[in-house]
Amino acid sequence: MFFITYGGKDRRSGLILNIPLSSDQTSMEELSATLDYLLSIPSEKCKARGFTVIVDGRKSQWNTVKTVVLMLQNVIPPEVSLVCVVKPDEFWDKKVTHFCFWKEKDRLGFEVILVSANKLTRYIEPCQLTDDFGGSLDYDHSDWLNKRLVFEKFTKESTSLLDELSIINDADKSSSMDKDKSADCALLPSFDPETVLQTGHELLSELQQRRFNGSEGGGGGQGAWCPMEEELLAQPQVMKLLDSLREQYTRYQELCRQRNKRTQLDEIHAKVMQVVTWLQGPGSELLKTQQTIGDSIRSAQALQQRHEEIESQHSEWFAVYVELNQQIAALLSTGEEEEVAELKALQQQLSDVCYRQAAQLESRQNVLQAAQGFHSTTQELSQQLDGLLGMLCADVAPADGAAIQQNLKLLEEKLQTVEAGLTSLRQKGALLLEQTCSQPSWPLEETESPTTEQQDSVQHIQSVMEDMQLRKQRCEDMVDVRRLKMLQMVQLFKCEEDALQAVEWLSELLDALLKTHVRLGDDSQETRTMLDKHRKFVDVAQSTYDYGRQLLQATVVLCQSLRCTTRSSGDTLPRLNRVWKQFSVSAEERQQRLELALNFHTAAERVLQQERVEAESLDEVDSLGKTLLDRLTMPVIFPDGSEQFFGSPTDTAAAAEGVRERLLLVEERRLQLQEKLASE
C-alpha cells in the first residue's frame, strides 16, 4: 500500500509532492491516477511556480523506485524540475552505479537526486518538511484528505443543487399556478438544501480558521504550516457557491411557500366543497325523509332517536366546518388581496350552508320535542278519559250519603283533570302546528307550500284534538247524568236518614210520654195547663209523623226515578206507623186521664167551695175520683197487644196520692154536711 502526501513548499514556493513507497507491491495505475488527481488541484498560477517531488524509497526496493521515477515522466507536468529520491543509508550504492538518473535528465525532463533523509534539507527548508524527514512542518495528511473530500462533496452537491433549483425556479415562472400534482415532484431536489448549506458554512468556517491559524503561524517561527494555495482558492469558491445557493434557495423557499399556500387553498376549497356537497346532498336528503311527527309517544321517540343519529352525522361535518373556519381565518390575516377574496367567498358559502342546515336541524328538533309533548299529553288525556269513562260506566252502589259525596267529589276532580289535560293538549297542539308549518324551506324548492308530510301531520294533530274534544264532551254529558243521579241518591239517603230520624224522634216522644207524663195536676188550673201542653205535645208528634211520611214518600219517588228498589223505606214505614200508633194510643190515654182529672178537680173544687152541696154532687166527685184511681192502675194496651204503664210505680203512686188527698177533702166535706144536717 502507498499514499501521497500533499503539503509544504520548496525554495521557489512550489508545491511539494511526497510519494512514500512501502515494501508491498506498488500499483503503477493507482499511483498514476493519484498523481493526476493531486496535480489537478493546484491553480495554473500555482503550477507555474513548479513542483518538487519527494520519492521516499527507504522502505521500498530499488526496482520499484526506478519504475516510479521512470513513470513520472508520463505523469509529472513540465513544471516539475526536481525529483528527490530518499534512499536508505548505504543500501543502493552498488545498484545505483548501474542506472544514473542524472544522465537521463534530458530524456526524463527533470532532475533526479538520490539523497539521504538527513540531507534533504539541502534542497528544501526544514520548516517545509514533515518530521519524517527531520522537518518541523505540522501537516496531517488524513485531515487534509478529509477536508478535501468534504470540499469536493460540497462542491458537487451544491453545484448539482444549484442546477436543480435554478431549473425549478425558472420553470415556475412559465408554469401556471394550478398545474396538476405531477409538477410538484420537480419541487423536490436531490439534496437537502439546509444540509448542503450547513456543510458549506462549516467548511468555510474551517477554511477561514486554517487561514487564520496559518497566518499567525507564518509570523511565529519555524514549523508553522501555511495554507496551501488550493485552500486559499477554495474559500472564495465556497463563498460564491454559498451565496448562489442561498439566493436560489430563497427563491425556492418562496416558490414552495406559494405552492404550499396554493395547495392549502386548494385543499381548503376541496374540503369546503366536500362539506357543502354532503350537507346539500346526503345531509339534506336525510332530513327531508324525516318530516313526520309520529302517531304515538313511542313512534315520536323512535323519530327522536333517528334524528339524534342524523345530528351525530352532521356534528362530524360541523366539526370540519369549525376547523376550516379557523384555517380560513388564519389565512385571511396573511393572504393577498386575490386570495382574501377567494377565501371570503368560500367562508361565506360554507357558513351559509352550515347555518342553513343547522337551522333545519334545530327546527326539526323543535318539532320532535313539541310532538313528544303533544303525544305524551294525548296519551295522558286518553288515560284520564278512560279512567273517567270507567268510573261513569261502573254501577253506583255506595253505602251512605257520605260515600256518594266522596264519589261525586272524585268525579268532579277527574272531570277537572280532564279539562286541564284538554287545555294543555290544545296549547301543545297549537305549538306543534306552529312548529310544523313554520319549518324553514329548502333552498332549491320553488314553492313554499307545505309538503305532503306536513299536511298529514297537520291533519293528524287536528284530528287528535277533535277526537279528544268529542270524547271529553261525551264524558261531560255522562258526568251530568251521573251527577244528577248521585245528587238524587244523596237526596234519597238524606230522606231515608231523616225518615229514620223522624222515627227516632217519635220514639223519643213516645218514651217521654210514657215515662214522664204521669202527673195529673193538683187542681183544675194545673190540670188544664197540662192538658194544653199535652195537646201541643201531640201536635209536635203529629208533625214529626207527617214529616217522616213525607220523607218516605219522597224516597219512593226517588227510588222510582233511580230505578232501584226501596232500600230502607219498606222497613222504616212500618216502624213509623207502629210507633205512631203506640204514641196515638198513649196520647189518647193520657188525654183521657187528664180530661178525667180535670173533671174530677173541677167537681171537687166546686163541692169544696159551695156552702150547700148536694149529695149527688159528692157522690159524683167520689165516683170520678175512684174512676181516676182505677184508670191510673191500668196499663196502655198497644195495637199489637203489648202493654205499657205510664211512668214508674212511684210516679203512679204519687199521682194517685194527690187524687186520694182530694177525695179525703171531699169526704170531710161530706161529713161536715152530714153533721150540719144532723144538727138541724
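On a predicted model such as this, the values are computed, not experimentally measured, just so you know.
With Glu311 as the fixed residue, the side-chain hydrogen bond (donor to acceptor under 3.5 Å, both in side chains) test singles out one of Gln313, His307, His314: His307.
Side-chain atoms of Ser244 never come within 3.5 Å of backbone atoms of Leu241 as a donor-acceptor pair (strictly under, hydrogens ignored).
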key: Verdict with supporting geometry, Cys354 and Trp317, side-chain contact (heavy atoms from CB on, under 4.5 Å)   = CA-CA 9 Å; Cys354 289; Trp317 292 99; over 6 Å; no
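Classification of Arg262 and Asp266 as a salt-bridged pair holds, one side-chain N sitting under 4.0 Å from a carboxylate O. Salt bridge Asp243/Lys240: absent, no basic N to carboxylate O contact under 4.0 Å. Contact check on Arg257 versus Glu254 returns a salt bridge, with a Lys/Arg side-chain nitrogen under 4.0 Å from an Asp/Glu carboxylate oxygen. In summary, Asp477 and Lys472 do not engage in a salt bridge, as defined by a charged side-chain N under 4.0 Å from a carboxylate O. We find that Glu152 and Lys156 are not joined by a salt bridge, their nearest charged nitrogen and carboxylate oxygen being 4.0 Å or further apart.
Atom OG of Ser376 sits about 8.5 Å away from atom CD of Gln301, to the nearest 0.5 Å. Put simply, CD on Gln304 and CD1 on Ile293 are 13.5 Å apart, with the number rounded to the nearest 0.5 Å.
Residues Ser351 and Tyr321 are in side-chain contact: their nearest non-hydrogen atoms beyond the backbone lie under 4.5 Å apart. Considering only heavy atoms from C-beta on, Leu149 stays 4.5 Å or farther from Lys153 through its side chain.
Considering all non-hydrogen atoms of both residues, Ser457 and Thr436 come closest at CB-CG2, 4.1 Å. A pairwise comparison of heavy atoms in Thr292 and Leu303 identifies O-CD1, 3.5 Å as the closest pair. The nearest pair of heavy atoms linking Leu343 to Leu331 is CD1-CB, 3.5 Å.
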